[in-house]
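Quick note on labels: first sequence line is chain A, next is B, and so on, each numbered from 1.
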Amino acid sequence: MSTDKNLLSKLAAGDKHGEDSPYFDGWKAYDNNPFHPTHNPQGVIQMGLAENQLCSDLIKEWIKANPHASICTADGVDSFSDIAVFQDYHGLKQFRQAIAAFMGRARGGRASFEAERVVMSGGATGANETLMFCLADPGDAFLIPTPYYAAFDRDLRWRTGVKIIPVECNSSNNFQVTKQALESTYLKFQETGIKIKGLILANPSNPLGTTLDRETLETIVSFINDKQIHLVCDEIYAATAFAEPRFTSVAEIIRDMDHVNRDLIHIVYSLSKDMGLPGFRVGVVYSYNDAVVSCARRMSSFGLVSSQTQSFLAAMLSDQRFVDSFLVEVSKRVAKRHRMFTEGLKEMGISCLRSNAGLFVLMDLRQMLKDQTFESEMALWRVIINKVKINVSPGSSFHCSEPGWFRVCFANMDEDTLRIGLERIKDFVLGERDNKNCNNKKENKKRKSFQKNLKLSFSSMMYDEHVRSPRLMSPHSPLLRT
Amino acid sequence: MKHLSTKVTSNAHGQDSSYFLGWEEYEKNPYDEIKNPNGIIQMGLAENQLCFDLIETWLAKNPDAAGLKKDGHSIFKELALFQDYHGLPEFKKALAEFMEEIRGNRVTFDPRKIVLAAGSTSANETLMFCLAEPGDAFLLPTPYYPGFDRDLKWRTGAEIVPIHCSSSNGFQITESALQQAYQQAQKLDLKVKGVLVTNPSNPLGTMLTRKELNLLVDFITSKNIHLISDEIYSGTVFGFEHFVSVMDVLKDKKLENSEVSKRVHVVYSLSKDLGLPGFRVGAIYSNDEMVVSAATKMSSFGLVSSQTQYLLSALLSDKKFTSTYLDENQKRLKIRQKQLVSGLEAAGVTCLKSNAGLFCWVDMRHLLDTNTFEAELELWKKIVYEVKLNISPGSSCHCTEPGWFRVCFANMSEDTLDLAMERLKEYVESTDSRRVISKSSHERIKSLRKRTVSNWVFRVSWTDRVPDER
């Protein structure tokens, strides 16, 4: 019995959720054969998941030392009933205050945030969608610099009916967004009659791992102010910045630019990356526009943070000493992993986009493409998944305008696993080089079987229809922050 | 304002309604036994505060669940990272079994057909996104939960067309009322995608009869539309008859694997039965794979905190706990309801005979000056400001007859409830001595002037302090 699609909405019957894209093949490969150091050492290593697993020990220690923070322990159970019934969409006062304070600390104290403007949402996923509902009507559009986080296609557009207009950036200037690109894209699309309501970007960027420098941010703010359109800054990776240029929040910029219309400025935040708590679903809409705060707050009914979680985090994030030392550690550990990974790659002649934040790097494999096309990128990617056995994210899934870039995550596994990942990449790269040399010199070297396949793969896999068809959704929902 | 979406500037969120004025007044002057004994008693909040001791005792006996541990080992990290929109499998299994237990294990729920959501608020909205296009309509029997205006319509663009129910038959749904509503939708050029009922009903506190359920299933079969049964109060049934779910009816009619069964969807939540509205645990149950699939993806916008899923999976997996809890919950609700009903009777006020929910549907028609919604609001204002009780006027629930009020009984202590009843009695007695009209509680004013609710909804400068309650 198949469902009569007419009985369902277009949203339900269609595929605009974006999850049928071949992007998720990597996930499927991982789910079918997940790496485990002892149980499955030949399995696929997950390097497509932008999770921060580096600091959970610190949180665990805090939890042990602070039993009162949980409403379930003997120390905290007296609050159980009050917390269990608390569903006020303003959120627990202590929670909002703690979040506002944490946001300030995560920005090195260079910006301060008012608890009254903190609005809860179902993760940053919920926050971004809510802002679209508040700022745009169906058919309106938002500009977004490429490459951008894959799931924005769903989060910003699916149920809201809002359109996305990519502002192309390229590697010639390290994918920085330029005034010229913004202006020309804006003009071009405005002429088509489409109503452009704003610009949205992630800073630090996913997948670039870079922070916007002050000057660029000022340019962006001037641009939106000039056009009187909204600016949504998704600052979910704020505390992962570990090197210069230091992270500058849009909150700092507008404080110093008096003439800017603050009603146009909105920040999205979350604890999923900085604190590594994606499971707790803590998203924040922070707007300087009172009407938006009010509306977003009403909409937060559709995705409030569990009061159990609010209560726990209110306690933890109010502990200033913990917060400050935690933030220092996050930055340190991310830096260490980043260095380990990029230096490992450098040794084998692979460069990455220079980055100073995020839980990933953008690996430059353009030299390894058969030709500079996205078909070649996908072919290479399938080899990486199926032969090298690591799941990485191809640049095309982030709408990158140039083929050959791959986002690789480094903070969602232990150091040993990361080393194994590096080894596999090394074997693959060196094998590939040998392969090329072999072909060039026509030498008869012994090759590992996968290298043979590698040579064949470019011709056989590229146009494989089977490989292009939509896949079953992976059970681990990769469209969550990946 | 021109920069913002129409959702911001419209008031389709419904929060300007008079319903919330009472809340505002309560917030300004909340009753407290010691600190503010003359304050307003909150009786407009359908919360279940009767059984926390049972949960707290369980927590004390189960330190592992309480401390995010499994077999003594911390699973904090796993939970902190767990964001799979399919939900924690052990939680969905426990939830499915709990739902079965509430229905006397007469029907089964497959955990794979459960989609978690951030409260039934989110579950209902998500179902609308899945089943209706902007401009499509769902039929709802009146009176209905005021929050539906926001949850079902606001961001989805769907419409609600009321199925008018009247006190002449205890507000039961009739075939003619269903047909009339359907025709009305057609007159308005709205495509009807389904019917949504709350069973047990909010605000009535009654269960749908088998007759009504059969009627509904037949109706959606003939019209080829959906039926959403919001069974959020299913565990609050305290009468002699057990709760009959739409799932029972499908089974009895041998429609379990039929086409029709794919158009029947159940919404559930732990906010009422377990009294945990703060934890935001809602669920959609559907036999339609595509609905489950789409709703699962949409749940990304409002997942249940993994910390909460874990705690509750342990709680609900403890069958000894769940059976004791359900039993005790029902007992205590019954006693409390009886206390309210007797208190009302002492004040010469009756209510609709009910055996579920956390409230009674109270008949104050005899206290109205005229049989109009205007008079209902006047009475309501008096009750809020003079009697100092926040109760919910029927007009806010889209009731077609003035004079009915929803009064909650499970969100305060026994003593507070007693006090509330005393206040009401005093007011009624003092009013009676002033009234010219007959004291018979069933006599109605003959000049029946029907007014639409919208005339009487007045806008207040609402300051956003609206708890998300039912």
In Å and rounded to the nearest 0.5 Å, what is the CZ to CE distance from B:Arg280 to A:Met120?
9.0 Å

Are the side chain of B:Gln83 and the backbone of A:Arg281 linked by a donor-acceptor contact shorter than 3.5 Å?
no

For B:Lys7 and A:Asp137 the tightest heavy-atom approach is N-OD1, 4.4 Å

Best-contacting candidate, A:Leu11, A:Val85, A:Val77, against chain B by heavy atom pairs under 4.5 angstrom:
A:Val85

Segment of A:Phe280 engaging chain B (4.5 angstrom heavy-atom cut-off):
both

Between A:Trp158 and B:Phe301, how do the two ring planes meet: parallel, tilted or perpendicular, split at 30° and 60°?
tilted

Between A:Met299, A:Gln310, A:His230, who has the most heavy-atom pairs with chain B when the cutoff is under 4.5 Å?
A:Met299

Contact part of A:Asp140 toward chain B, heavy-atom cut-off under 4.5 Å: side chain, backbone, both or neither?
neither

Roughly how far apart are A:His17 NE2 and B:Thr296 OG1, rounded to 0.5 Å?
11.0 Å

Count the heavy-atom pairs under 4.5 Å between each of A:Cys295, A:Pro278, A:Gly276 and chain B, then report the option with the highest count.
A:Pro278

Rounded at 0.5 Å granularity, tell me how far OH in B:Tyr310 sits from SG in A:Cys72.
11.0 Å

Which atoms of A:Leu92 come close to chain B, meaning under 4.5 Å heavy atom to heavy atom: side chain ones, backbone ones, both, or neither?
neither

Which one of A:Gly279, A:Ser307, A:Ser311, A:Gly198 has the most heavy-atom pairs closer than 4.5 Å to chain B?
A:Gly279

Applying salt bridge (charged side-chain N to carboxylate O under 4.0 Å, His left out), which residue pairs with at least one partner in residues 301-314 of chain B are found, sequence neighbours left out?
none

Note: A:Leu7 and B:His226 closest approach over all heavy atoms is O-NE2, 2.8 Å

For A:Thr125 against B:Ser300, the heavy-atom pair lying closest together
CG2-O, 3.6 Å

Go through B:Gln309, B:Glu133, B:Gln307 and name the one with the most non-hydrogen pairs under 4.5 angstrom from chain A.
B:Gln307

Show me the donor-acceptor pairs within less than 3.5 Å that the side chains of residues 54-62 of chain B make with the rest of the protein, sequence neighbours left out.
from, atom 1, to, atom 2, distance (Å)
B:Thr57, OG1, B:Asp53, O, 2.7
B:Trp58, NE1, B:Asp318, OD2, 2.8
B:Asn62, ND2, B:Trp58, O, 2.7

At a heavy-atom distance under 4.5 Å, which candidate from A:Ala74, A:Gly283, A:Ser81, A:Gly76 has the highest pair count against chain B?
A:Ser81

So for A:Val305, is it side chain, backbone, both, or neither that comes closer than 4.5 Å to the heavy atoms of chain B?
backbone

For chain B, find which of A:Ser70, A:Gly303, A:Ala84 contributes the most heavy-atom pairs closer than 4.5 angstrom.
A:Ala84

Do B:Phe52 and A:Asp82 come within less than 4.5 Å of each other through their side chains, counting heavy atoms only?
no

Can you tell me how far the CG atom of B:Leu68 sits from the CZ atom of A:Phe312, to the nearest 0.5 Å?
7.5 Å

Which one, B:Asn411, B:Leu311, B:Val291, leads in non-hydrogen pairs under 4.5 Å with chain A?
B:Leu311

How long is the span from the CD atom in A:Gln53 to the NZ atom in B:Lys77, to the nearest 0.5 Å?
4.5 Å

Region of B:Leu274 in contact with chain A, defined by heavy-atom distances below 4.5 Å:
neither

Residue, of B:Met128, B:Glu78, B:Met298, that accumulates the most heavy atom pairs under 4.5 Å with chain A
B:Met298

For B:Lys223, does the NZ atom have more than 12 heavy-atom neighbours from other residues, nucleotides or ligands under 6.0 Å away?
yes

On a heavy-atom basis, the closest approach of B:Val8 and A:Cys134 is CG2-O, 3.3 Å

Considering non-hydrogen atoms only, spot the tightest contact between B:Leu4 and A:Lys197 and give its length.
O-NZ, 4.0 Å

A:Ser306/B:Thr308 under side chain to side chain donor-acceptor pair (under 3.5 Å): CA gap, chis, key distance, verdict:
CA-CA 7 Å; A:Ser306 168; B:Thr308 301; 2.7 Å; yes

For the candidates B:Leu81, B:Leu131, B:Leu276, which exhibits the highest count of non-hydrogen atom pairs separated by less than 4.5 Å from chain A?
B:Leu81

How close do B:Ser5 and A:Phe133 get, heavy atom to heavy atom, and via which atoms?
OG-O, 2.6 Å

